[in-house]
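These values consider heavy atoms only, across backbone and side chains, with no hydrogens, waters or symmetry-generated copies. Index from 1, following the sequence.
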Amino acid sequence: MAHLFMGHPLYSDQRWNHLKVGVNGVDPRFKLGGTKRKAERWVSLESSLQVGTPGFLENPLYAHDEDEDDVQAHITTNEADLGQDHSISPFYTQCYLSVLDNPASHWQLPGLFNIPFGHKKMKRTVSMPETSAGNSSLLDGVNVTIHRSSSSNSFPKLRFRDHIWTYTQRYLAAEAIENGILENRPVENEGNVDGMHLVQLLISCAEAVACRDKAHATTLLAELRANALVFGSSFQRVASCFMQGLTDRLALVQPLGAVGLAIPATSLNVVASEKKEEALHLVYEVCPHIQFGHFVANFTILEAFEGESFVHVVDLGMTLGLPHGHQWRALIESLANHPGQALRLLRITAVGPCVNRFHIIGDELEAYAQELGIKMEISFVESSLETLKPEDIKTYENEVLVVNSILQLHCVVKESRGALNSVLQIIHELSPKVLVLVEQDSSHNGPFFLGRFMEALHYYSAIFDALDAMLPKYDTRRAKIEQFYFAEEIKNIVSCEGPNRVERHERVDQWRRRMSRAGFQATPVKLMAQAKQWLAKLEICEGYTIVEEKGSLVLGWKSKPIVAASCWKC
């Protein structure tokens, strides 16, 4: 299958770069690697990850229809080789737990601090007497000339002092390049590995895993483990998460010709729920993804409750179980400050399995509403979305109902639409005035593993690049967000199949088709101006964008969609 990548631009460009090394003496990737800005580096990486590259989608393993129900015949072969969900890899987690627990501790990572910062490592080139003199390169606008001796019978025989002069010039040229890199990039990228090379390693490894070639996949994973650093560049960090997912998937795959499924190995390093909760809280504080969903949902709910006395919100998942009920605190404040509001009772019904946590959040919200003069009642339904029943949610005739779903419904999407249709049917029977749907805007539920892998690699590369711009390199908050939150999503997408794969994100167009089939009608979200003002007030960093797409609002990073919010009515 490797021959399918021979025509891919990644492969061709790198071969050409290797050929040029023998001519110019210095790999042009490394001459430019230290001076590119983050935005340029991201554009280069983004272009390399485009699944739509000509010739790439010609491979049937990478192409997929957005509606997986139309390709059921192709799924069983790919998913029959995997067992239960043990997506936590023993690699990295144990190594960095102590570091992440104690941010103030003095620690060192193997291979990262062998050379003190600011130390100039001398680089010397290999003697190349057959090359011509006067080859030059450009580094940040400064011409650095590397003089090489010329070997020919027509020239006088070189003396020892000539060799000394040649090597001196090469050393000075290499030192000039080193100085230029250090001046333009104060924090050098330890474990300097070309991003293109990591992309090729990941794709080749995913191919080997998909083909159940354990020997080749193991070799590639060893190389990835050495180069994909948890505290490296943004792409090194995201590569480390995908490496863990590929490791877990490979452990569950039987070699070709084997019968049955491999027995899943017991995970030695299970991430504690406290770590996940802490990472979720950090994601809410640092990243605008969840806050964006809360902003759109609350604005829509306030419009639906305009002039109403009895209002009811059904919250699927109780806004991810975030402590203190951030979304509903903001809604209560808005209702209390709204002039002329005739509100007499606000009811909230929380649906989910974590009822104990919901009770704590509910008690805080009731006390907060009482302080602001809002009469409020909270009820709880201890049930997953798949086991939810119509009679579990109690409604009254004279109340206005709104359903709120923040990053929840994608977990109910399965190979067949039965589970999701059941939930949507229950919601439809409640006749809500509006259903607010906020989901990750990416195609991570295709029927073919390699297609999902490439989509996820492109999507999470954008997220890690945003984190790279928002937080310092060695900030433990960033490591916790990446390793305990986004890495768990990545590993579930990459390593799990069947019921164990719950991170089944889909694009807003696919959700539009699903909701239409269930009898819902799209309601345009007309909050573009307000959303842009909200984003500007956050003052997170430049690079985040909000665009309107067919009535939905989409939050993205440098034109890459991240989260989409849409509204629906019966």
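Listed for the Glu455 side chain is no donor-acceptor partner under 3.5 Å among the backbone atoms of Arg452. Judged by distance alone, with hydrogens and angles left aside, the side-chain atoms of Asn227 form a donor-acceptor pair with the main-chain N or O of Glu223 at under 3.5 Å. A donor-acceptor contact shorter than 3.5 Å links the side chain of Lys214 to the backbone of Val253. With hydrogens and angles disregarded, no donor-acceptor distance shorter than 3.5 Å links the side chain of Arg507 to the backbone of Ser442.
Proximity of Val209 to Val494: side-chain heavy atoms (C-beta onward) are nowhere separated by under 4.5 Å. Counting heavy atoms from C-beta outward, Leu437 and Ile406 have side chains that stay 4.5 Å or more apart. Side-chain contact between Ile562 and Asp441 is absent, with no heavy-atom pair separated by less than 4.5 Å. In this structure the side chain of Tyr460 reaches within 4.5 angstrom of the side chain of Ile493, judged on heavy atoms. Residues Ser240 and Gln483 have side chains in contact (heavy-atom distance under 4.5 Å, counting atoms from C-beta outward). Two residues are said to be in side-chain contact when any heavy atoms from C-beta on lie closer than 4.5 Å; Trp534 and Pro288 meet this criterion. Contact annotation: the side chain of Val563 never approaches that of Val554 to less than 4.5 Å [non-hydrogen atoms, C-beta and beyond]. A 4.5 Å side-chain heavy-atom check between Leu467 and Ser234 finds every atom pair outside the cut-off.
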Worked verdict on Asp475 versus Arg477 for salt bridge (charged side-chain N to carboxylate O under 4.0 Å, His left out):
CA-CA 5 Å; Asp475 195 323; Arg477 292 178 301 166; 2.9 Å; yes
Pair Lys558-Tyr544, side chain to side chain contact (heavy atoms under 4.5 Å, CB included): steps then yes or no
CA-CA 6 Å; Lys558 295 180 181 178; Tyr544 279 104; over 6 Å; no
If you apply the rule side chain to side chain contact (heavy atoms under 4.5 Å, CB included), what do you find for Leu535 with Phe292, and how did you get there?
CA-CA 8 Å; Leu535 184 61; Phe292 169 74; over 6 Å; no
Evaluate Phe235 against His197 for ring-ring contact (aromatic ring centres under 6.0 Å, His included), listing each step before the verdict.
CA-CA 11 Å; Phe235 192 72; His197 181 56; over 10 Å; no
Mind running side chain to side chain contact (heavy atoms under 4.5 Å, CB included) on Glu549 and Asp509 for me, showing each step along the way?
CA-CA 10 Å; Glu549 182 180 337; Asp509 288 337; 4.2 Å; yes
Assess whether side chain to side chain contact (heavy atoms under 4.5 Å, CB included) is satisfied between Arg504 and Arg501, documenting all intermediate values.
CA-CA 7 Å; Arg504 295 173 176 265; Arg501 182 158 61 86; 3.2 Å; yes
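In this structure, the separation between CD1 on Ile546 and NZ on Lys532 is 8.5 Å, given to the nearest 0.5 Å. Atom CZ of residue Phe453 and atom CG of residue Leu457 lie 5.5 Å apart, to the nearest 0.5 angstrom. Taken from CD in Gln244 to NZ in Lys491, the straight-line distance is 5.0 Å, to the nearest 0.5 Å. One finds the OG1 atom of Thr247 at 11.0 Å from the CG atom of Leu252 (value rounded to the nearest 0.5 Å). One distance of note links CG of Leu555 with CD of Gln291; it measures 10.5 Å at 0.5 Å rounding. Between the CG atom in Leu229 and the CG atom in Leu198 there is a gap of 8.5 Å [rounded to 0.5 Å].
The salt bridge (charged side-chain N to carboxylate O under 4.0 Å, His left out) pairs that include a residue from residues 231-240 are Arg237-Asp468, Arg237-Glu482, where partners are two or more places apart or lie in different chains.
Heavy atoms only, all atoms of each residue included: Met470 and Ile540 are closest at SD-CG2, 3.0 Å. The minimum heavy-atom distance between Ala206 and Phe449, with the atom names listed, is O-CE2, 3.6 Å. In plain terms, the two heavy atoms of Cys541 and Trp557 that are nearest each other are SG-CZ3, 3.7 Å. Taking both residues in full, the closest heavy atoms of Leu246 and Leu202 are given as CD1-O, 4.2 Å, listed atom of the first, atom of the second, then distance. Contact record, Cys241 with Ala487: SG-CB, 3.6 Å, taken as the closest heavy-atom pair. Ala462 approaches Lys560 most closely through the heavy-atom pair CB-CG, 3.6 Å.
At a cut-off of 3.5 Å, with distance as the only test, a side-chain donor of His505 or Glu503 sits close to an acceptor on the other residue. Counted by atom type alone, Glu439 and His410 present one or more donor-acceptor pairs between their side chains at under 3.5 Å. Judged by distance alone, the side chains of Tyr459 and Gln440 never bring a donor and an acceptor atom under 3.5 Å apart. With 3.5 Å as the limit, one finds a donor-acceptor pair spanning the side chains of His281 and Glu285.
His324 and His326 have perpendicular rings, their planes meeting at more than 60° on a 0 to 90° scale where under 30° would count as parallel.
Ring pair His294/Tyr284: centre-to-centre distance below 6.0 Å.
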